[in-house]
Structure formats: structure tokens, C-alpha cells
Amino acid sequence: VKQVLAPLRDSSIPVIYLPGNHDCYVKRPKCVTAMREMVEWLTRGAYQFDGLPIKLEYAGVEFILLNCSRPSNLLCSWGFVTRKDADHVAELVSTPRKGPRVLVSHYPMFEAHPWLRMRHRLFGQEKILELLRSGLIDLSLCGHVHRPSLKTDELGHGECCAGSVTMNGSFKEIDCDTSNSRFTFRTVNI
């Protein structure tokens, strides 16, 4: 894997990497160590997995990285926002803005049908949803769900779910006008 990712890692492109539920299912020390090492290696040491949540700034945009993936029931793809992590994210966004704020996590924060998705859902995201609804966070970027979705308002604020690139043959290109925190989205077919 490192050989395939080395050109990206060795480029000047900033890399934000968060492991997902499949990377964090087990507690085996060898697996956990490999996941932690990959985070540090791929991000060129910009942050460590155990230091999340954190705020990074790139090109006038504040990115808040939140890990929601933890070992859980192997029959379920659950995610969890701990109270400690939610409080820390609230603290990170309580400071004066330096630009638009984007939350990056594996799981969608907005869930239209939580009971129908009981095996795949996120728990504990209420405070994060409040921060999104109040405008302290402008956009949530996530994955987990294999179908891409866009739940945004006229400014592009809300949530963008990447979906599975390999399954759908597409990804979202996101542009941000930092002068007014407006996001625009374009689907790129591959």
C-alpha cells in the first residue's frame, strides 16, 4: 500500500487521512499499530491518530478532523462520537474564525432514517449537529455510506458524503470561496 500511496505522500499536496470503521474494528495490537503508523506516515507526521480531534488550516480553510471509528460489534458498522471528543470539537470552533470550517470524519452526521440504518449508524453526534446547524461548522465531509449524497443549502453548507469511488465511478470536486464561505460541488466521473 505504501508503494502505491508514496507519490501522493511525497508530493506537496496536503493529505488529510482518517481511518474508517474497517480500519478500526479490532483491538489486536498489531492492527492498531499499523493503523496509527499509516496515519502518521501518509500525513507526513502532520498529526497522529491519538491526537484527534484536531484543527488544521490549509488554503484559508479550517479543517476539524474527528475520529468516530472505534472497535464495536463485528456485525454492525457503528461509529461513536465520545462526549470528550464532541466537547473538544466545540472548543476548537469557539475560537475566532480564520476561514470556512469543514468537519472531516468517516461517518455522516446527518441521518434521515437512524432506525432503518441501525447496523450502520453513528451514535453521539448531537453536539456536532448543533455546531453544524448553528453555523460554527460550515460543512461536514464524510464517507462510510457507499452512495454519494449532498445535503447542503444555497451556500453549500451542510454535508457532502463522498460515497464509494470504485462502486460509483465518481467523486466530488469541492471549491470554496473563502471570502464568503461558499462551497460549490461538481461530480467528476472517472
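Counting from 1, the numbers follow the sequence of the chain as shown.
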Keeping [X] on the side-chain end and [Y] on the backbone end, is there a donor-acceptor pair under 3.5 Å?
X: E159; Y: F110; answer: yes
X: N180; Y: R182; answer: yes
X: T33; Y: K30; answer: no
X: S134; Y: L131; answer: yes
X: Y58; Y: I13; answer: no
X: R121; Y: E111; answer: no
X: N21; Y: G79; answer: no

Consider only side-chain heavy atoms of I, L, V, M, F, W and Y, link residues closer than 4.5 Å, and tell whether [X] and [Y] are in one cluster.
X: V102; Y: V93; answer: no
X: L132; Y: F80; answer: no
X: V188; Y: I174; answer: no
X: L141; Y: L103; answer: no
X: V145; Y: L129; answer: no

Identify the two heavy atoms, one from [X] and one from [Y], that lie closest to each other, and give their separation to 0.1 Å.
X: V15; Y: R44; result: CG2-NH2, 3.8 Å
X: C68; Y: M109; result: SG-CE, 4.0 Å
X: P100; Y: F183; result: CB-CZ, 3.8 Å
X: V81; Y: A86; result: CG1-CB, 3.9 Å
X: C160; Y: L139; result: N-CD1, 4.1 Å
X: T178; Y: A59; result: CG2-O, 3.8 Å

- Message: Exactly one of L65, I64, V89 should register a side chain to side chain contact (heavy atoms under 4.5 Å, CB included) with I54. Which one does?
- Response: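 That would be L65; it is the only one of L65, I64, V89 passing the side chain to side chain contact (heavy atoms under 4.5 Å, CB included) with I54.
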
Given side chains that start at C-beta, do those of [X] and [Y] come closer than 4.5 Å, heavy atoms only?
X: P19; Y: C24; result: yes
X: L5; Y: R9; result: no
X: R147; Y: M167; result: yes

If you measure from [atom1] on [X] to [atom2] on [Y], what distance do you get to the nearest 0.5 Å?
X: I128; Y: L136; atom1: CD1; atom2: CG; answer: 11.0 Å
X: H22; Y: M35; atom1: NE2; atom2: CE; answer: 14.5 Å
X: D23; Y: H106; atom1: CG; atom2: NE2; answer: 8.0 Å
X: F171; Y: S164; atom1: CZ; atom2: OG; answer: 13.5 Å
X: C142; Y: L18; atom1: SG; atom2: CG; answer: 11.5 Å
X: I137; Y: R101; atom1: CD1; atom2: CZ; answer: 8.0 Å

- Indicate the ring-plane relationship of F123 and W78, choosing parallel, tilted or perpendicular according to the 30° and 60° boundaries. perpendicular

- Fit a plane to each ring of Y107 and H144, take the angle between them on a 0 to 90° scale, and name the class: parallel (under 30°), tilted (30 to 60°) or perpendicular (over 60°).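 Ring orientation, 0 to 90° scale: tilted.
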
- Message: Could you go through E62 and K98, starting from their C-alpha distance and side-chain angles, then the distance that decides it, and tell me whether this counts as salt bridge (Lys or Arg N to Asp or Glu O under 4.0 Å)?
- Response: CA-CA 7 Å; E62 295 179 5; K98 293 182 180 175; over 6 Å; no

- Message: Walk me through whether S181 and H157 qualify under side-chain contact (heavy atoms from CB on, under 4.5 Å).
- Response: CA-CA 9 Å; S181 297; H157 294 189; 4.0 Å; yes

- Task: Evaluate whether atom CD of E57 has more than 12 neighbouring non-hydrogen atoms of other residues, nucleotides or ligands under 6.0 angstrom away.
- Result: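 More than 12 within 6.0 Å, yes.
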
